[in-house]
Asks: 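Can you keep this structure in mind? I'll have questions shortly.
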Amino acid sequence: MNIIADQNMPGIEATFGRHGHVTRVDGRHVSRDQLLHADVLLVRSVTQVDPALLEGTPVRFVGSATIGTDHLDLEGLRAAGIPAVHAPGCNAEGVVDYVLSSLLLACQREQCQISDKTIGVVGAGQVGGRLVARLEALGLSVLACDPPRAEREGDTEHFVTLDELLARCSVICCHMPLVRDGAHPTHHLLGAARIEALSPGTWLLNAGRGSCIDTAALGARLERAGDLTVMLDVWENEPDIDDALRQRVDLATPHIAGYSLEGRLRGTMMLYEAFTEWAGVTAEVELADVLAPPVVATLGVGQAEASPQRLWQALSHAIFDVRRDADLFDRYCRRLGVATGFDRYRKEYPERREFGSTVAYGSREQADSIRALGFQWVDDSL
């Protein structure tokens, strides 16, 4: 069996390689010619997959190691009789870690307390739902907007409208999928009018899909007023993003919010499990077989009196300080140009582990705060 896989997907040889020959390709430039002898195609969000790409090829199985599916023509592939699977939730914990690291960094920079802010989460799916849960566990004030989920669950008590959320929240975290049609499209959901209506001092973070925000309108407001704190991990027209906007925002990273090692390997394993079921073979590998122990397996929390925010900042930035990615992305852009730097950094992304991979030793009084942040806790008195 011949397997074509994106060059940036980890663990493919250790899993799929047991059942066929693996060839790595540049995910942004997958061509039909590369698939003429392929049985399986494994991609990420940078590859658009539709029947036209696969026409005349022997490809019989498509897997995408992503939460979203806007790059897959699911209806067309289904009509062509080609199963297409993805990995919902695979990197959600990593994205939540990214958001918390970013928000706590913004607190350091602006010398403010996150507990004084109301945080709005737009899109409460795999990522947004986990983010809401973790923020609430930390005791923070949170509002959520997700019209499709509210309708599906018949729940209007726990969700607010987008405009109400924008009016009431000083922090906006965007985690909606890109939907262009239907009852709830999200393309430019935050368009020019809504961006102009944001109160001065609002924090805006997008780790969902770049085109959910009208970035031209956002750039225009920042150029004119510069009165928002903006953190962007996703962009319109990736990798050829607006460099002027990149230089104006407070935190710029190249679509790596979910790039934790656990999240990426989880995506591979979810595809592997679906593949073995489809192929009628036995899965021979589990996540634990391909996931090495973290470099920082334990942390000790001091007994000195400290505010919860100081504890959260110390723990989160010990494992993942988002400044690393922002600084390196800027360096790659200056040396290689924006588009090349964007993709090169993703390809060469340094290992990053999730908060949950580390055990924090602390007091019983600190236990709830440590766990709520996403870490494991062990009583340091034992």
Side-chain angles (χ1 to χ4, degrees), residues 10-11 67 87-105 107-108 114-115 119 121 124-140 142 173 175 207 256-270 273 285-325 349-382:
I67 291 179
C90 64
N91 62 358
E93 293 295 328
V95 178
V96 175
D97 290 351
Y98 172 96
V99 173
L100 292 174
S101 180
S102 300
L103 296 182
L104 291 167
L105 172 61
C107 288
Q108 282 186 332
I114 192 70
S115 57
I119 303 171
V121 178
Q126 291 285 353
V127 174
R130 285 175 169 83
L131 177 60
V132 168
R134 227 189 284 187
L135 292 171
E136 289 181 339
L138 291 169
L140 303 177
V142 187
C173 296
H175 300 287
I256 50 75
Y259 256 39
S260 66
L261 181 60
E262 288 89 345
R264 298 172 73 194
L265 283 172
R266 234 180 258 122
T268 295
M269 292 305 304
M270 291 171 74
E273 291 168 6
V285 182
E286 297 181 353
L287 180 60
D289 298 324
V290 293
L291 184 62
V295 173
V296 180
T298 61
L299 287 171
V301 178
Q303 295 301 307
E305 290 296 325
S307 69
Q309 181 166 299
R310 285 186 61 195
L311 174 63
W312 302 336
Q313 287 170 330
L315 284 174
S316 64
H317 291 162
I319 299 304
F320 173 43
D321 189 335
V322 71
R323 279 172 289 202
R324 178 200 73 176
D325 289 332
Y349 192 69
E351 181 176 305
R352 170 184 136 209
R353 302 305 293 264
E354 292 177 357
F355 295 171
S357 69
T358 299
V359 174
Y361 285 81
S363 68
R364 293 180 182 178
E365 291 75 20
Q366 296 165 325
D368 290 344
S369 197
I370 290 170
R371 287 172 172 156
L373 189 62
F375 287 77
Q376 302 177 59
W377 170 78
V378 170
D379 189 344
D380 64 359
S381 66
L382 298 178

Asks: Using the six-membered ring of Tyr259, assess whether NZ or CZ of Arg264 lies under 6.0 Å from its centre and within 45 degrees of the ring axis.
Replies: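 So Arg264 does make the cation-pi contact.
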Asks: If you measure from CG on Leu373 to CG on Leu315, what distance do you get to the nearest 0.5 Å?
Replies: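 Here the rounded value is 6.0 Å.
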Asks: In Å and rounded to the nearest 0.5 Å, what is the CZ to CG distance from Phe320 to Asp325?
Replies: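 Output value for this atom pair is 4.5 Å.
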Asks: Check for a donor-acceptor pair, side chain of Arg323 on one end and backbone N or O of His317 on the other, with a separation under 3.5 Å.
Replies: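 Checking the backbone N and O of His317 against the side chain of Arg323, no donor-acceptor pair under 3.5 Å is found.
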Asks: With sequence neighbours excluded, tell me which residues meet ring pair (Phe, Tyr, Trp, His ring centres under 6.0 Å) with Phe375.
Replies: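 If we apply the ring pair (Phe, Tyr, Trp, His ring centres under 6.0 Å) test to Phe375, skipping adjacent residues, the hits are Phe355.
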Asks: Taking Thr268 for the side chain and Pro10 for the main chain, is one N or O donor matched with an acceptor at less than 3.5 Å?
Replies: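 Between the backbone of Pro10 and the side chain of Thr268 there is a qualifying donor-acceptor contact (under 3.5 Å).
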Asks: Between the side chain of Gln309 and the main-chain N/O of Ile114, is any donor-acceptor distance below 3.5 Å?
Replies: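 Yes.
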Asks: Could you go through Val95 and Leu131, starting from their C-alpha distance and side-chain angles, then the distance that decides it, and tell me whether this counts as side-chain contact (heavy atoms from CB on, under 4.5 Å)?
Replies: CA-CA 9 Å; Val95 178; Leu131 177 60; over 6 Å; no
Asks: Could you give the distance from CG (Leu138) to CG (Asp368), rounded to the nearest 0.5 Å?
Replies: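 Interatomic distance, Leu138 CG to Asp368 CG, rounded to 0.5 Å: 10.5 Å.
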Asks: Gln313 and Ser316: which non-hydrogen atoms are nearest, and at how many Å?
Replies: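 Taking Gln313 first and Ser316 second, the nearest heavy atoms are O-OG, 3.4 Å.
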Asks: For Ala207 versus Ala257, what's the shortest heavy-atom pair and its separation?
Replies: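 What the structure gives for the nearest pair is CB-CB, 4.1 Å.
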Asks: Applying side-chain contact (heavy atoms from CB on, under 4.5 Å), run through His175 and Val121 and close with a yes or a no.
Replies: CA-CA 7 Å; His175 300 287; Val121 178; 4.1 Å; yes
Asks: I need the minimum non-hydrogen distance between Gly356 and Gln376, along with the two atoms involved.
Replies: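 What the structure gives for the nearest pair is O-NE2, 2.8 Å.
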Asks: Got a sec, which residues hit side chain to side chain contact (heavy atoms under 4.5 Å, CB included) with Glu354, two or more places apart in sequence or on another chain?
Replies: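 Here the qualifying residues are Glu93, Asp97, Ser260, Glu262, Arg266.
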Asks: Below 4.5 Å, heavy atoms only, C-beta onward: do Ile370 and Leu311 meet side chain to side chain?
Replies: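 Counting from C-beta outward, Ile370 and Leu311 do come under 4.5 Å.
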Asks: Can you check whether Gly362's main-chain N or O pairs, donor with acceptor, with Trp377's side chain at less than 3.5 Å?
Replies: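 Yes.
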Asks: Show the atom names and distances, to 0.1 Å, of all donor-acceptor pairs under 3.5 Å that link a side chain in residues 285-302 to residues at least two apart or in another chain.
Replies:
residue : atom : partner : partner atom : Å
Asp289  : OD2  : Glu286  : N            : 2.8

Asks: Using only atom types and a distance under 3.5 Å, with no angle test, would you say the side chain of Arg134 pairs donor to acceptor with the backbone of Leu100?
Replies: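 Looks like no, no N/O pair under 3.5 Å.
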Asks: Give me the one residue out of Ser307, Ser369, Ser101 that meets side-chain hydrogen bond (donor to acceptor under 3.5 Å, both in side chains) with Trp312.
Replies: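 It is Ser369; the other options fail the test.
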Asks: Grab the two heavy atoms, one from Gln126 and one from Pro88, that are nearest each other, plus how far apart they are.
Replies: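 Heavy atoms only, the tightest pair is NE2-CB, 3.8 Å.
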Asks: Which heavy atom of Leu103 sits nearest to which heavy atom of Cys173, and what is that distance?
Replies: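 Smallest heavy-atom distance, with atoms named: CD1-SG, 4.3 Å.
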Asks: Over all heavy atoms of both residues, which pair between Ile67 and Gly89 is shortest? Give the atoms and the distance, please.
Replies: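 For Ile67 and Gly89, the tightest heavy-atom pair comes out as CG1-N, 3.5 Å.
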